[in-house]
Protein chains: 2
Amino acid sequence: MVKISDVAREAGVSVATVSRALNGLATVNPEYAQRVHIAAEKLGYRGNAIARGLRRRKTDMLALIISDVANPFYTAIARGVEDVAENSGYSVILCNADEDAAKESRYLRAVEIGQVAGVILSPHSGTTDVSRLRAADVPLVVVDRPLAEPVDSVMVQSVDGARAATRHLLDEGWRRPACVTGPADAATALDRLHGYRLALADSGLGIAERFVHGQFSQADGAAGASALIDGAEPPDSFFAANTQLALGVIAELRARGLRIGQDVGLIMFDDAPWAPFIDPPISVVAQPAYEIGVHAARLLLSRVTGAEAGPARDLVLSTELVVRGSSRRVPT
Amino acid sequence: MVKISDVAREAGVSVATVSRALNGLATVNPEYAQRVHIAAEKLGYRGNAIARGLRRRKTDMLALIISDVANPFYTAIARGVEDVAENSGYSVILCNADEDAAKESRYLRAVEIGQVAGVILSPHSGTTDVSRLRAADVPLVVVDRPLAEPVDSVMVQSVDGARAATRHLLDEGWRRPACVTGPADAATALDRLHGYRLALADSGLGIAERFVHGQFSQADGAAGASALIDGAEPPDSFFAANTQLALGVIAELRARGLRIGQDVGLIMFDDAPWAPFIDPPISVVAQPAYEIGVHAARLLLSRVTGAEAGPARDLVLSTELVVRGSSRRVPT
DNA sequence: GTGAAAGCGCTAACAA
DNA sequence: TTGTTAGCGCTTTCAC
């Protein structure tokens, strides 16, 4: 490893001057700066981020802790974050909490002692403990799911989106829509269920609620759909709270020989690359995932640099109803 | 921030003893160790990974640089890596190179100066420059795509898998299979094309090759299929070299009203969660993505800890042909 | 504008 | 076994 003192010797100046020159501090003789840069180049000097971080007491890394790398929604957020961070000279490290509270807290801890400049977190639940992070004064932005305490956040209008989706089902003529949602301790699951209920109430049709909770997984989507279908008054349509649940619902419907878009309607929260290719194409409530990442990163960076002080800010982005074939009610 | 000296004072011992006790070095009086742990607990001591890294000249972080976070194949690898790393007390930071050589080299650089214990890389191309990494003596394991130089690697039998897929198409009775593959500078694209060609030659049927290169993207999959169909002797079946390409092929086939599994056959390399839900379900050559991650992490860790010295090792995992509906040739 | 020197928090020699 | 001390490579006062 070539270090700063090597460059200093090569350039015939002090290490302090090398440091200043390399960091672009204006207070250095242009000629010396030139010499330093040439020497650094010649020696292939890379610097040592660890040492720099130790001294500066912070790094130029942002941590993004997401709930599930396998979910394209989160990876889209990641790309938004990365693009913004990169433009500002920060790198972002991705941590996969895997919907696991223990893993999440381990990463939170690692990140805390790892001295990152800031963290963006999609919390496992509203009770995720970020107190140490806040005590350590590490800027934090929460995405997708809110936290109990006041903290910068970038959310999506889950309730409105779910409401619009359900209303759309009703508008198409379906009369017994059901909601297959996530765990009762996940805000997103609750919000989407809430929107569904609101739409039912809005309609004034006196339609009974049909819903089921489960993990955000394909298996639980299938199980939920199965339970609903086997119930007293089986649903004629489904609103799935995310793509994994929807995949399960689709599987169950297929297994029972129910034709989507004819015998039964379906719409899901969150878009997916494969959604248009299912037969029929799946209607969705699309979320601006990439933009969530962009906004979160901008907000975080403004806190990191101190450009923004003040109280916690909450950004709420809206969703978009994308009607494809699955929610249509085709008279047979 | 509470530091080691604070703990030392609280416990009434020296910083060295605190360090030893906390790191579980056996050479410390149990009573002192006890006091240290209590003091650390009381003060909420977290340690400073930066300082530790600086002094030890290495960290307990592994870097995983993948080509595309949005591709479930890579995220599955990531989970394998994480699980192994975690069990050995390492954390893994994920970097998304996004199929972009510039981004890749930036991460490689960041990782190099960031002093990670080791890196797992799915290289953008065979010419990715890892010389500095090797010069810096950072253990490296390459996955999915090979590098020109000798380096530990974990690969999949792409050629065999592609060959089996194509042979299956032939066995089903398709007589004009085409291959839609990735860029000509990607080894995986080439290997899969090669396997396709081999199967054609194996058959002894004198079938003409039909293939097209493109980016590993949905758009290029559609364009490729379109070009092939508009060619002189249009294919009666397709082998897509990855899931994104396959999605494009499916879109194009749909757009032209061609019924998969009847008018035309389809099989793709790599499985996907949505594959069984397309109508008809898509046949695939499944890759053991998670296992790739597991093996890569184990190999890397054995290098990191010095348990394994010797020359570069190359692991090659086999694929599995999963026949669903799309490759079947149903007499109409 | 420049350099000497003092640490950042930690671990590892080295003594005791 | 324990404590003292010397750095890891860098940035940043503080004199000059």
Side-chain angles (χ1 to χ4, degrees), chain A residues 1-37 39-40 43-61 89 109-110 112-117 136-138, chain B residues 1-37 39-40 43-61 89 109-110 112-117 136-138:
Chain A
M1 147 154 293
V2 23
K3 45 191 158 188
I4 202 170
S5 56
D6 299 326
V7 179
R9 194 177 324 109
E10 175 75 24
V13 296
S14 73
V15 292
T17 299
V18 174
S19 174
R20 283 191 279 254
L22 261 22
N23 285 298
L25 281 270
T27 68
V28 48
N29 184 319
E31 197 209 321
Y32 280 5
Q34 176 81 342
R35 293 227 306 259
V36 167
H37 281 105
L43 266 35
Y45 174 73
R46 327 289 309 204
N48 179 325
I50 302 279
R52 156 189 278 247
L54 178 60
R55 180 63 229 230
R56 305 244 289 224
R57 323 195 86 245
K58 64 169 199 166
T59 65
D60 54 359
M61 295 215 287
R109 212 188 104 89
E112 176 193 342
I113 64 180
Q115 315 274 64
V116 296
D137 234 16
V138 179
Chain B
M1 147 155 292
V2 21
K3 43 190 157 188
I4 203 170
S5 56
D6 299 325
V7 179
R9 195 178 323 111
E10 176 75 24
V13 297
S14 74
V15 291
T17 300
V18 174
S19 175
R20 283 191 279 255
L22 261 21
N23 285 299
L25 282 269
T27 67
V28 49
N29 184 319
E31 196 209 322
Y32 280 3
Q34 176 82 342
R35 292 229 304 262
V36 167
H37 281 105
L43 266 35
Y45 174 73
R46 326 290 310 206
N48 179 324
I50 302 279
R52 156 189 278 247
L54 178 60
R55 179 63 229 225
R56 307 238 299 219
R57 326 196 84 244
K58 64 169 197 166
T59 65
D60 54 1
M61 295 215 287
R109 209 188 106 90
E112 174 193 342
I113 64 179
Q115 314 273 65
V116 296
D137 233 17
V138 178

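The model shown is predicted, which means the values in this text are computed figures rather than measured ones. Throughout, protein chains are lettered first and strands after them, A, B, ... in sequence-line order, and every chain is numbered starting at 1.
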Visitor: Rounded to whole Å, how long is the line connecting atom CG of B/Leu22 with atom P of C/dA12?
Guide: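 Going from CG in B/Leu22 over to P in C/dA12 covers 13 Å.
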Visitor: Starting at atom CD1 of B/Ile4, determine the distance to atom P of C/dG7, rounded to an integer number of angstrom.
Guide: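 Spelled out: CD1 on B/Ile4 to P on C/dG7 is 19 Å.
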Visitor: How do B/Leu54 and A/Val13 order along DNA chain C: which one's closest nucleotide is nearer the 5' end?
Guide: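 Result of the comparison: A/Val13.
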Visitor: Among C/dG1, C/dA5, D/dT4, which is the nearest nucleotide to the side chain of A/Val15?
Guide: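 The answer is C/dA5.
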Visitor: How long is the line joining CZ of B/Arg52 and C1' of D/dG7, in whole Å?
Guide: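 The answer, rounded to whole Å, is 17 Å.
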Visitor: Of all the choices, D/dG9, D/dT11, D/dT4, which nucleotide is nearest to the side chain of A/Asn48 once you look at every atom?
Guide: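 Among the listed nucleotides, the one closest to the side chain of A/Asn48 is D/dG9.
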Visitor: To the nearest Å, give me how far apart NZ (B/Lys3) and P (C/dC10) are.
Guide: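 Atom NZ in B/Lys3 sits about 8 Å away from atom P in C/dC10.
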Visitor: State whether the distance check finds a donor on one side and an acceptor on the other, under 3.5 Å, for side chain B/Arg55 versus base D/dG7.
Guide: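 A donor-acceptor contact between them is present.
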Visitor: Heavy-atom nearest nucleotide on DNA chain D for B/Asn29 versus A/Ala51: which residue maps closer to 5'?
Guide: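 Nearest nucleotide further toward 5': that of B/Asn29.
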Visitor: Under the 3.5 Å rule, do the base of D/dG9 and the side chain of A/Arg46 count as making a donor-acceptor pair?
Guide: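 Flag unset: no donor-acceptor pair detected.
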Visitor: Measure CG/A/Asn23 against P/C/dT2 and give the value in whole Å, please.
Guide: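 Rounded to whole Å, this separation is 15 Å.
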Visitor: Just how far, in rounded Å, is P of D/dG3 from CZ of B/Arg9?
Guide: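 After rounding, the reported distance stands at 15 Å.
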Visitor: Send over the distance from A/Ile50 CD1 to D/dG7 P, rounded to a whole Å.
Guide: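 After rounding, the gap between these two atoms is 21 Å.
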Visitor: What's the CZ-C1' distance between A/Arg20 and D/dC10, to the nearest Å?
Guide: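 The distance from CZ of A/Arg20 to C1' of D/dC10 comes to 13 Å, rounded to the nearest Å.
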